[in-house]
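All figures in this text were calculated on a predicted structure; none of them were measured in a lab. Numbers here simply count residues along the sequence, with the first being 1.
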Amino acid sequence: MELNKKIYKLTDAGKKFVDVDKLIEKRLKMSVGEIFEKKGERFFRELEKKQLAKLAWQKNLVIACGGGAVLDTKNVLVIKKNSHVVWLWVPIKEILNRTKKDFSRPLFNSENKEKQVRELLKKRLLFYGRASDLVVGTAGKNLEIIARVILDEVGKTIEG
């Protein structure tokens, strides 16, 4: 995935990038969509919880997790213990544009994708807000700018 390559490049400051979904896909040799279809969302969420618990105690990681991870209070408590949680805010129109040809997202695969995205966000907004230490708007920004904003803001938090 192009995003992952660029984030690896942006984490040259001694940080390693880890994508929880990719780790699970590699372990099961199935895509997230296939896992949802064959094993169910609950099964996937349990694997996600275990993976986050392993990663959350490691140092110098940038951990990417899907939007459903913060729906579980235990996940939020675990990742907030040793991490800054950043919510990358994406407007609905941009989500739809980014995912129009992407059928790998099982919760977005419906006949009315816009309605599905709106309903999903409506259910999750409060969870995202509670879990986040920082919200960064991504509309119209390239990855380098987004990464710089995050690094600057997290640095301010660390330094006081």
Side-chain angles (χ1 to χ4, degrees), residues 1-13 15-26 28 30-37 40-42 44-45 47-49 51-52 55-56 61-73 75-76 78-80 83-158:
M1 178 183 222
E2 188 65 27
L3 173 65
N4 291 353
K5 289 178 189 171
K6 289 187 177 185
I7 291 177
Y8 277 114
K9 182 180 173 190
L10 296 170
T11 56
D12 288 340
K15 309 278 186 225
K16 179 181 173 191
F17 177 77
V18 180
D19 184 318
V20 173
D21 289 357
K22 297 295 178 204
L23 289 174
I24 293 170
E25 288 177 337
K26 185 177 179 180
L28 270 76
M30 284 190 265
S31 70
V32 172
E34 290 172 314
I35 297 168
F36 268 61
E37 185 180 317
E41 183 178 3
R42 179 177 280 170
F44 175 80
R45 297 294 175 207
L47 291 175
E48 181 179 58
K49 182 185 291 189
Q51 192 63 62
L52 281 169
L55 294 171
L61 291 182
V62 174
I63 303 170
C65 56
V70 297
L71 302 178
D72 186 306
T73 305
N75 285 347
V76 174
V78 166
I79 59 178
K80 285 182 80 72
S83 305
H84 295 277
V85 179
V86 180
W87 172 12
L88 299 176
W89 170 252
V90 182
I92 290 174
K93 284 185 180 181
E94 194 163 332
I95 291 171
L96 293 170
N97 188 44
R98 290 181 188 180
T99 62
K100 65 183 165 195
K101 293 181 182 177
D102 180 358
F103 300 100
S104 67
R105 298 170 183 267
L107 297 179
F108 285 2
N109 292 335
S110 70
E111 287 187 30
N112 188 340
K113 191 180 243 184
E114 182 173 354
K115 181 181 177 188
Q116 186 69 25
V117 169
R118 287 183 184 283
E119 287 176 6
L120 197 61
L121 281 175
K122 186 177 179 182
K123 290 178 187 175
R124 291 181 173 186
L125 281 175
L126 186 61
F127 291 95
Y128 293 166
R130 286 182 181 159
S132 302
D133 298 309
L134 174 65
V135 179
V136 176
T138 64
K141 296 178 184 151
N142 68 37
L143 291 172
E144 286 79 10
I145 290 171
I146 295 166
R148 178 57 43 211
V149 169
I150 294 168
L151 291 171
D152 288 349
E153 291 300 320
V154 169
K156 287 177 189 173
T157 304
I158 292 170

Spacing of [atom1] belonging to [X] relative to [atom2] belonging to [Y], to within rounding of 0.5 Å:
X	Y	atom1	atom2	value
Glu48	Glu41	CD	CD	9.0 Å
Gln116	Leu96	CD	CG	11.0 Å
Lys26	Asp21	NZ	CG	15.0 Å
Glu114	Ile92	CD	CD1	7.0 Å
Met30	Glu37	CE	CD	10.5 Å

Using modelled atom types and a 3.5 Å cut-off, is there a donor and acceptor pairing between side-chain atoms of [X] and backbone atoms of [Y]?
X	Y	result
Lys80	Val85	no
Asn75	Val70	no
Ser31	Glu34	yes
Glu25	Val32	yes
Lys141	Gly137	yes

Could you pull out the closest heavy-atom pair between [X] and [Y], with the gap in Å?
X	Y	value
Ile35	Ile24	CD1-CG2, 3.7 Å
Trp87	Gly129	CZ3-N, 3.8 Å
Leu52	Cys65	CD2-CB, 4.4 Å

Under a 4.5 Å cut-off applied to non-hydrogen side-chain atoms, are [X] and [Y] in contact?
X	Y	result
Val136	Trp89	no
Val62	Ile150	no
Tyr128	Leu121	yes

Intermediate values then yes/no, side-chain contact (heavy atoms from CB on, under 4.5 Å), Phe36 and Arg45: CA-CA 10 Å; Phe36 268 61; Arg45 297 294 175 207; 4.0 Å; yes
side-chain contact (heavy atoms from CB on, under 4.5 Å) between Val149 and Asp152, worked out: CA-CA 5 Å; Val149 169; Asp152 288 349; 5.9 Å; no
Quick test of your reading of the model: are [X] and [Y] salt-bridged, counting only N-O distances below 4.0 Å?
X	Y	result
Lys123	Glu119	no
Lys49	Asp72	yes
Glu94	Arg98	yes

Test log, rule side-chain contact (heavy atoms from CB on, under 4.5 Å), inputs Leu28 and Leu47: CA-CA 10 Å; Leu28 270 76; Leu47 291 175; 3.6 Å; yes
Result of checking Asp19, Leu55, Leu23 against Ile63 for side-chain contact (heavy atoms from CB on, under 4.5 Å): Leu55
